[in-house]
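Index from 1, following the sequence. Everything numeric in this text was worked out from a predicted model, so none of it was measured.
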Amino acid sequence: MPQPRLLLTRPQPGAAQFLDRLSPALRDGAVISPLIEITATDAPVDLSPYAGVIFTSANAVAHAPPGDGRPAYCVGPQTTAAAGKAGWQAQMVGLDAEALIATLSERAQTGPLLHLAGRHRRADIAGILSAAGLKVETATIYDQTLLPLSTAAQTLLSGPDPVIVPLFSPRSAQHFAREAASTERVIALSISRAAAQALEALPLYAHDVAAEPTGEAMAEAVEKLFRCTTLP
């Protein structure tokens, strides 16, 4: 089998940062075609009524006010690290939103909190936590606009070589399923079972799910798929 190529569809700068994690053989010939563009909503944010914030994405950290030492409850190591660098007193409270909800549901004394979030979100974190007794409100500080696959990406998918496609969210997986002109040579890697479900109807060469919903686990899985595909 020919050596697989890599197609990255996550928003920038995340796609370039993820590519930097990978070995030179994977970076060579990789195509970046973001399926989502992150843009600020420019909504005013007043942090004064809150004891801290919730971050479920590094994109939220990038569009949030400076942390100035305020508490931030975060999903995943990447978001936690970004919040720490932005001046927040960052604490990881789960690898995904469900784990964050489970942890914070037991900490009613930490509120009130403000979830700094994107316009498109899978779970009503504020509503669920408020029902559990922790007062949480939401501020929509960025948007996630869908983008078409580029001509270079479609050409890669339609070519003779296998293509490794990591997909980092259910929404991007759903959009990829609609956009991709050809998927018979796609080796898909989903960040979660929810993302994987969006690809179930596609004719794929292979499909795997990362061991956990983190960038590190995704990078390790991409490397493993590459090695397995290139072995004689």
With hydrophobic residues grouped by side-chain heavy-atom distances under 4.5 Å, do [X] and [Y] end up in a single group?
{"X": "I141", "Y": "V61", "result": "yes"}
{"X": "Y142", "Y": "I54", "result": "no"}
{"X": "V75", "Y": "Y73", "result": "yes"}
{"X": "V93", "Y": "L116", "result": "no"}
{"X": "L26", "Y": "Y205", "result": "yes"}

- Item | Other cluster members, V209 - Ile/Leu/Val/Met/Phe/Trp/Tyr, side-chain contacts below 4.5 Å | none
- Is L95 isolated, or which residues cluster with it under the ILVMFWY side-chain rule of less than 4.5 Å, directly or via members? M92
Taking every non-hydrogen atom, the tightest pair across [X] and [Y]:
{"X": "V45", "Y": "L114", "value": "CG1-CD2, 3.9 Å"}
{"X": "M218", "Y": "I191", "value": "SD-CA, 3.6 Å"}
{"X": "A153", "Y": "L7", "value": "CB-CD1, 3.8 Å"}
{"X": "A90", "Y": "G84", "value": "CB-N, 3.7 Å"}
{"X": "E179", "Y": "P148", "value": "OE1-CA, 3.3 Å"}
{"X": "A177", "Y": "A198", "value": "CB-O, 3.7 Å"}

- Query: What's the verdict on side-chain contact (heavy atoms from CB on, under 4.5 Å) for R21 and E216, showing C-alpha distance, side-chain angles and the deciding distance?
  - Reply: CA-CA 8 Å; R21 292 173 176 254; E216 182 178 359; 3.9 Å; yes
For the [atom1] atom of [X] and the [atom2] atom of [Y], what is their distance to the nearest 0.5 Å?
{"X": "E184", "Y": "L157", "atom1": "CD", "atom2": "CG", "result": "10.0 Å"}
{"X": "E137", "Y": "Y50", "atom1": "CD", "atom2": "OH", "result": "3.5 Å"}
{"X": "K224", "Y": "D208", "atom1": "NZ", "atom2": "CG", "result": "7.0 Å"}
{"X": "D143", "Y": "D42", "atom1": "CG", "atom2": "CG", "result": "11.0 Å"}

- Apply ring pair (Phe, Tyr, Trp, His ring centres under 6.0 Å) to F55 and list each qualifying residue two or more places apart in sequence or on a separate chain. W88
Contacts under 3.5 angstrom, residues 159-173 side chains, donor-acceptor by atom type, not counting sequence neighbours:
| unit_1 | atom_1 | unit_2 | atom_2 | d |
| --- | --- | --- | --- | --- |
| S169 | OG | S172 | N | 3.0 |
| S169 | OG | S172 | OG | 2.9 |
| R171 | NH1 | Q144 | O | 2.8 |
| R171 | NH2 | H120 | NE2 | 3.4 |
| R171 | NH2 | Q144 | O | 3.2 |
| S172 | OG | S169 | N | 3.2 |
| S172 | OG | S169 | O | 2.9 |

Identify, with sequence neighbours excluded, every residue that meets side-chain hydrogen bond (donor to acceptor under 3.5 Å, both in side chains) alongside [X].
{"X": "T56", "value": "H115"}
{"X": "R178", "value": "H175"}
{"X": "D28", "value": "none"}
{"X": "D68", "value": "none"}

- Message: For D20, give me all partners under side chain to side chain contact (heavy atoms under 4.5 Å, CB included), at least two apart in sequence or on another chain.
- Response: none
- Task: Using side chain to side chain contact (heavy atoms under 4.5 Å, CB included) as the criterion, list what pairs up with E106, not counting sequence neighbours.
- Result: none
Output side-chain donor-acceptor pairs under 3.5 Å for residues 123-135, partner residues at least two apart or in another chain, one line each.
| unit_1 | atom_1 | unit_2 | atom_2 | d |
| --- | --- | --- | --- | --- |
| D124 | OD1 | G127 | N | 3.0 |
| S130 | OG | A126 | O | 2.8 |
| S130 | OG | V136 | N | 3.2 |
| S130 | OG | V136 | O | 3.1 |

For [Y], does its backbone N or O pair with a side-chain atom of [X] as donor and acceptor, under 3.5 Å?
{"X": "Q12", "Y": "A16", "result": "yes"}
{"X": "E223", "Y": "S23", "result": "yes"}
{"X": "T183", "Y": "V186", "result": "no"}

- Message: Determine whether S48 and D46 satisfy the following criterion, side chain to side chain donor-acceptor pair (under 3.5 Å), listing intermediate values before the conclusion.
- Response: CA-CA 6 Å; S48 60; D46 180 9; 2.7 Å; yes
I'd like a table of donor-acceptor pairs (distance under 3.5 Å, sequence neighbours excluded) in which one partner is a side-chain atom from residues 29-40, with atom names and distances.
| unit_1 | atom_1 | unit_2 | atom_2 | d |
| --- | --- | --- | --- | --- |
| S33 | OG | S150 | N | 2.9 |
| S33 | OG | S150 | OG | 3.4 |

- Trace of the side-chain contact (heavy atoms from CB on, under 4.5 Å) decision for F176 with L199: CA-CA 8 Å; F176 176 79; L199 307 179; 4.2 Å; yes
- Q17 vs R10, side-chain contact (heavy atoms from CB on, under 4.5 Å): CA-CA, chis, key distance, verdict: CA-CA 10 Å; Q17 292 168 350; R10 72 183 312 190; over 6 Å; no
- Message: Set out, in order, the CA-CA distance, both residues' side-chain angles and the distance that settles side-chain contact (heavy atoms from CB on, under 4.5 Å) for V222 and F18, then state yes or no.
- Response: CA-CA 11 Å; V222 167; F18 183 78; 4.1 Å; yes
- Message: Within the structure provided, determine whether T138 and R121 are in side-chain contact (heavy-atom separation under 4.5 Å).
- Response: yes
